[in-house]
Amino acid sequence: MALSEAQSVGADPERPERSGVELSGAEIVIQALADEGVEFVFGYPGGAVLHIYDALFRQESVKHILVRHEQGASHAADGYARATGKCGVCLVTSGPGATNAVTGIATAYMDSIPMVILTGQVPTPVIGSDAFQEVDTVGITRPCVKHNFLVKDVRDLAVTIRKAFYIAMSGRPGPVVVDIPKDVTDPNIKIPYDYPRDVKMRSYNPVLKGHPGQIRKAVDLILQAKRPVFYTGGGVVLGEASAQLTDFVRTTGFPVTSTLMGLGAYPMTDPQFIGMLGMHGTYEANMAMHETDVLIAIGARFDDRVTGKIEHFCPHAKIIHVDVDPSSISKNVKVHVPIVGQVANVLADMLKLYRELAPRSDEQPVAAWWTKIAEWRGVDCLQYDRNSAAIKPQFAVETLYKVTDGDLYLTSDVGQHQMFAAQFYPFDKPRRWINSGGLGTMGFGLPAAMGVQLAFPDAQVACISGEASILMCIQELATCLQYGLPVKVILLNNGYMGMVRQWQEFFYESRYSNSYVDALPDFVKLAESFGHVGMRVDRPADLEAAMTEAFAMKNRLVFMDVIVDPTENVYPMIAAGKGHHEMHLAPSLSDRELA
Amino acid sequence: MRHIIAVLLENEAGALSRVAGLFSARGYNIESLTVAPTDDPTLSRMTLVTTGNDDVVEQIKKQLNKLIDTVKLLDLSEGPHIEREMMMIKVRAERQDREELKRLTEIFRAKIIDVTDTSYVIELTGASKKLDAFIGAVPEGLIVEVVRSGPTGISRGDKGLTI
């Protein structure tokens, strides 16, 4: 995606060169990270990486963050990467260290997040002998990485690490595992160190620019469109194409919708933004998708949570699809004008051509279409009961927005709270909304927030979660204390695995099989026992003051246990296997005659 | 439709398992897969035979290209090409069957490459269909063992799949 040539190919030019010196494998690992400009390594020591940890101890340029579980390391590195656009780095030991990290690696893979994961391995002579803490890490991670390496010779170490960063950051980004047997890091074997500045791979050449002929076809279609929609995804965020997208959307005057992963790439408070689309998207966004005649898909992958039933997807549309990954194109939905290239480049080229070809006129080119969209907007599909005696989760998110002034890095776990946050917290900037979209990993939010807070120590960082998700990586509260990370945990506590309960209510006649969490800890005391501040709020009237108080504690992690209405559901909802026009609306709306 | 896809891969450990893993993970059909180093020892050439409609085969090719170890790929079925598979077949060869099997070997331009008092090993090269036909022609009950290499292929004309 839109990484500049210098960033993607060369190592950090600011770093002093250390070529020629003799280093051990362990020292090479750490020096290579320093030469890549790595600030933080998230990790956990163990037998196979002890040489590397010793090298880490004897230097100061790379800071190690000791997590409490390797899953936390991979999520924290992921959160850091999502918020900064840089490569996240983890270091874990062999066997269980590597397997624990796999959930985080798969999470990063599904959302195309650049990460390098260094895993220890048993010494090369005993590989394959079922040695202590041995697993086939390269085999286990193969289906959930962009690429992986096993380094069997210390002389290959520096160049392999360089390749790993290059592959992780270029093209469609993704996690890369480098598996390093213990003997390769032997402190007694020293070789001359020379970190390669450039890397060239004959088998890997990501496309940068879009094909001019295809761009011309796309712009011709856009110029004829009567009911166009921009459908944008995580690729716009990853490809640093937010400015180019915003320019293009504003110049055309077209409506724009976004996937869960793309939120914030176009300012969500702008009137041209018609809300998120898909399973829990807005009525206006999904209806616009159903009626559109020209769909302009940018850095999005036509995921099943977005398309609904493929047969009903955009039945009237010609589809333009811009993506850096050729295999994303026509994978789920056949498109008419595919353009392979980095989205920032392609958007800039499209806009330039559009400006040349568009007729000069003061008239809104798609005024009738906007009238239709205004009718759909009038349905007010996100309305909820504002007079409820219990705290509504939607109200909690709106209060969070108010208290943080819209200026927040918000990480999320997975479930209802994730959808409420996506619907009710309008992000105006990219890289502010950080959640596991593709894999849907519960437990992601808290460690991801650590990565974000480390990257931006002075920024407001919150993790929105549920009482089920938070317990999956709760141990990271200790990491937050150790490094003084003042994350605000906003726990929407409804006692249920809310999204599971919602599906059981809708599709299993309210048989709530194992979705009620019967024995919850006292979260206030739990936070306190970890050395943090705990708060509990159960009345709507108290929420704003409590949140204000929490965010005023600049140097403390505050864990807010917000008791919310256990029966609230996420609307609108498109049931699995239904089309965009077949949304369930909130019960208060379902009797209404819809446009 | 049946497609024969030739792939040049980096001759790295694990390259083969990446391809095999891709097919199983994404649920693609794979009929056969052969791989060996080329004249350039840093490159392996793989031939795989798969079936699927045009959209599926298009995805298979894109996913293969996406593998970091893939250097180049060619769908041989898209143009004129030659397909060859090698088979060794061990047959029971006693009394009057010995003559019958020898005649069959001549008709198919195969070779008998091992002989005992009671058996032959016959070697045959050709398109997969020819091999199928030979197996069909061997009188019932005489086949002891069949080993096939899986098809490999090369395009006709002067252009080659090289880097």
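Numbered from 1 within each chain, the chains take letters A, B, ... in sequence-line order.
In the displayed structure, L16(B) atom CG is contacted under 6.0 Å by more than 12 heavy atoms of other residues, nucleotides or ligands. Heavy atoms of other residues, nucleotides or ligands lying less than 6.0 angstrom from NZ of K61(B) number more than 12. Crowding of D130(A) atom CG: a count of heavy atoms from other residues, nucleotides or ligands under 6.0 Å not exceeding 12. Residue-environment remark: NZ (K72(B)) exceeds the threshold of 12 foreign heavy atoms within 6.0 Å. For K62(B), the NZ atom is densely surrounded, since the number of other residues' heavy atoms within 6.0 Å is greater than 12. Within 6.0 Å of NZ on K130(B) lie more than 12 heavy atoms contributed by other residues, nucleotides or ligands.
Here CG of N65(B) is found 10.5 Å from OG of S203(A). Values are rounded to the nearest 0.5 Å. Considering OH of Y166(A) and CD1 of I68(B), their distance stands at 9.0 Å, rounded to 0.5 Å.
Interface remark: T70(B) contributes backbone atoms only to the contact with chain A (heavy atom separation under 4.5 Å). For a residue to count as touching a neighbouring chain, one of its non-hydrogen atoms must lie under 4.5 Å from one of that chain's; by this rule S24(B) does not touch chain A. With a 4.5 angstrom heavy-atom cutoff, L9(B) does not touch chain A via any of its atoms. Only the side chain of I167(A) comes within less than 4.5 Å of a heavy atom of chain B; its backbone N, CA, C and O stay farther away. Using a 4.5 Å cut-off between heavy atoms, N205(A) makes no contact with chain B at all. Neither the backbone nor the side chain of K152(A) comes within less than 4.5 Å of any heavy atom of chain B. Looking at R142(A), only its side chain comes within 4.5 Å of chain B, counting heavy atoms on both sides.
Between R172(A) and K66(B), the closest side-chain pair of non-hydrogen atoms falls below 4.5 Å.
Annotation for Q59(B) and S327(A): closest pair NE2-O, 3.0 Å, computed over non-hydrogen atoms.
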(request) Show your working on side chain to side chain contact (heavy atoms under 4.5 Å, CB included) between H147(A) and D69(B) and close with a plain yes or no. (result) CA-CA 9 Å; H147(A) 197 57; D69(B) 287 333; 3.6 Å; yes
(message) Applying side chain to side chain contact (heavy atoms under 4.5 Å, CB included) to L43(B) and R202(A), what does each step give before you reach the verdict?
(response) CA-CA 11 Å; L43(B) 282 177; R202(A) 63 182 173 184; 3.6 Å; yes
